Amino acid sequence: MSTTTSPPRPTVPPRPTVLRRRLRALAAAPAYPWITGAVLTVGAAAELVVFPGSVTNASAILVSTASLMWRRAFPPVALVTVAAGLISFGADTSLSIAVMISGLIGCYVLGRHRVLHPALLVAGGTLGALATNLWHILSWARDDRLPDVPALGNAGSLGLFAEAFGLCAVILGAVSMGDAVRAREETRRERALAQARLIAMERRQAAQAERAAIARELHDIVAHSVSMIAVQAESATYTTPGLTPGAREGFQQIAGTARDSMAELRRLLGVLRTPQHTEGAREASAATAPQPTLDGLDELLDQHRAVGGGAELRITGERVPLAAAWELSAYRIVQESLTNARKHAPGARTVVELGYRDDRLTLRVSDDGPGPPDGGSTSGHGLTGMRERAALVGGSLTAGAGPTGGFAVEAELPW
């Protein structure tokens, strides 16, 4: 009898409790260092009132606590905090509670923001603690009220350095804790960046898959119909009896236009269905299909004339080769304008005017047809596409009724 085991569920880190979230929000508040530093300074002042000390001791205590108010805006100020704490401890044999707290916070801030390398911080703190301890040993030797202090190097003298050992342990622990928190936050940031890069890569892969799906849909919907048009137009010249030479030529033109449309459709499908493995393969695939340029306008106008429309090309200025984006945009604008003329003004005479200027290419396609079919509204998909073509190269396009009737499309493509 077989048993099936379900796959282990991924471990989800526990969410912080309400108290922890509130404490984190409080610690992240801009006023937090100012409030805590001010409270600690007030506590230090109250402690000095109860247990007064020398002017040096009192000043060092207040500097050590008050400097914490700037620890977030300027983390190196924690060096002043720790140094003032050691000075206050050296000026008096007793360690103030406020100085103990400020010293711990200062060492933590130094490690948290890595003001210096942790090894340098611990070494500097050790030297400061040792100097303070040696100063105390010398003061104990001069104090007649204390029992005899063993000389350094004699038996029992090692116990005189208990202060230094304790301070070094505290400094090492606080600096290490701050450095550990810094390392954990850096790990979180790196993990977040890696996750963002992964999400971006997944989105790119999803876009590639969507392009491939669009290519398949276009092929299934359009390619078959266009190919059938080409085949039927081609075969009609042989299967239809009694065709006049003009009708036979018309069928051949239909077949040729359909074949050209199929070729361009395949090129667009090739761009959509780019290889997903390398960017170089994508660029190589796009480079194999040349883009149409303004050199093909004569052929485009011949196709327009073949279906019964009049067409004329006028060029002003010195013709210069343009960048591929400008050539393609201008070609597509003329192509769409001729399509609109055949659709809305069949048989009308169309004039295509190209003007080469010093800093721009001007383009005008006008006809002598009945004018805009929608009363001047120019919100069709074809016109929208032409405007997008012009905007792609930083240009502009207007379309509407011509000054002498008909319909006119005017575009400026600066470079």
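From a predicted model like this one, the values you see are computed outputs, not experimental measurements.
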Tell me, yes or no, whether the heavy-atom count around [X] atom [atom1], taken from other residues, nucleotides or ligands under 6.0 Å, exceeds 12.
| X | atom1 | answer |
| --- | --- | --- |
| M177 | CE | no |
| R305 | CZ | yes |
| D359 | CG | yes |
| I97 | CD1 | no |

Do any N or O atoms from the side chain of [X] and from the backbone of [Y] form a donor-acceptor pair under 3.5 angstrom?
| X | Y | answer |
| --- | --- | --- |
| D368 | A348 | no |
| T65 | L62 | yes |
| S59 | T56 | no |
| T362 | G355 | yes |
| E318 | Y356 | no |
| D367 | T350 | no |

Euclidean distance, [Y] [atom2] relative to [X] [atom1], rounded to 0.5 Å:
| X | Y | atom1 | atom2 | answer |
| --- | --- | --- | --- | --- |
| L328 | Q335 | CG | CD | 9.5 Å |
| F165 | N133 | CZ | CG | 8.5 Å |
| T132 | L86 | OG1 | CG | 4.5 Å |
| F74 | L79 | CZ | CG | 8.5 Å |
| E353 | S366 | CD | OG | 5.5 Å |
| F89 | S96 | CZ | OG | 11.0 Å |

Review point. Can you name the ring pair (Phe, Tyr, Trp, His ring centres under 6.0 Å) partners of W70, sequence neighbours left out?
Key: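 Ring pair (Phe, Tyr, Trp, His ring centres under 6.0 Å) check on W70 returns W34.
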
Taking C-beta and beyond as the side chain, do [X] and [Y] meet within less than 4.5 Å on heavy atoms?
| X | Y | result |
| --- | --- | --- |
| L294 | W326 | no |
| E186 | R189 | yes |
| T293 | Y331 | no |
| L383 | M386 | yes |

Check your understanding: Is it true that E336 and R332 have a side-chain N and a carboxylate O under 4.0 angstrom from each other?
Key ->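 No, no charged N to carboxylate O under 4.0 Å.
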
**Study point:** Salt-bridge contact D295-R319 (side-chain N to carboxylate O under 4.0 Å)
**Key:**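 Result for this pair is yes, salt bridge flagged.
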
Residue pair [X] / [Y]: nearest heavy atoms and the distance that separates them:
| X | Y | result |
| --- | --- | --- |
| A44 | A98 | CB-CB, 3.6 Å |
| S67 | T81 | OG-OG1, 2.5 Å |
| A330 | L363 | O-CD2, 3.9 Å |
| G369 | A345 | CA-CB, 3.9 Å |
| A78 | G106 | CB-O, 3.5 Å |
| A411 | L397 | CB-CD1, 3.8 Å |

Check your understanding: Can you list every salt bridge (charged side-chain N to carboxylate O under 4.0 Å, His left out) pair that touches residues 400-415, not counting sequence neighbours?
Key ->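 Listed once each, the pairs are R360-E412, R364-E410.
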
Review point. Excluding sequence neighbours, so at least two apart, what forms salt bridge (Lys or Arg N to Asp or Glu O under 4.0 Å) with R248?
Key: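 Once residues adjacent in sequence are excluded, R248 has no partner under the salt bridge (Lys or Arg N to Asp or Glu O under 4.0 Å) criterion.
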
Check your understanding: Who are the salt bridge (Lys or Arg N to Asp or Glu O under 4.0 Å) partners of R314, not counting sequence neighbours?
Key ->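 Salt bridge (Lys or Arg N to Asp or Glu O under 4.0 Å) check on R314 returns E312.
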
Check your understanding: Would L297 and L313 count as a side-chain contact (heavy atoms from CB on, under 4.5 Å) if you check the C-alpha gap in whole Å, the side-chain angles of each, and the deciding distance to 0.1 Å?
Key -> CA-CA 8 Å; L297 284 185; L313 177 61; 4.2 Å; yes

Exercise for review: Kindly indicate, with the supporting measurements, whether the criterion side chain to side chain donor-acceptor pair (under 3.5 Å) is fulfilled by S102 and S64.
Suggested key: CA-CA 6 Å; S102 65; S64 178; 2.8 Å; yes

Exercise for review: May I ask you to check whether R71 and T36 show a side-chain donor-acceptor distance below 3.5 Å?
Suggested key: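 Per modelled atom types, R71 and T36 side chains form a pair under 3.5 Å.
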
Return all side-chain donor-acceptor pairs below 3.5 angstrom for residues 107-117, not counting sequence neighbours, or 'none' if the list is empty.
from, atom 1, to, atom 2, distance (Å)
R112, NH2, E185, OE1, 2.4
R112, NH2, E185, OE2, 3.3
H117, ND1, A119, N, 3.1

Practice item. Show your working on side-chain contact (heavy atoms from CB on, under 4.5 Å) between F407 and V365 and close with a plain yes or no. Key: CA-CA 8 Å; F407 193 77; V365 182; over 6 Å; no

Practice item. Sorted by first residue and then second, give each side-chain hydrogen bond (donor to acceptor under 3.5 Å, both in side chains) pair with at least one member in residues 191-202; sequence neighbours left out. Key: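 Not a single pair qualifies under side-chain hydrogen bond (donor to acceptor under 3.5 Å, both in side chains).
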
Check your understanding: Where do T316 and L354 land on the side-chain contact (heavy atoms from CB on, under 4.5 Å) test, with the steps shown first?
Key -> CA-CA 6 Å; T316 59; L354 292 180; over 6 Å; no

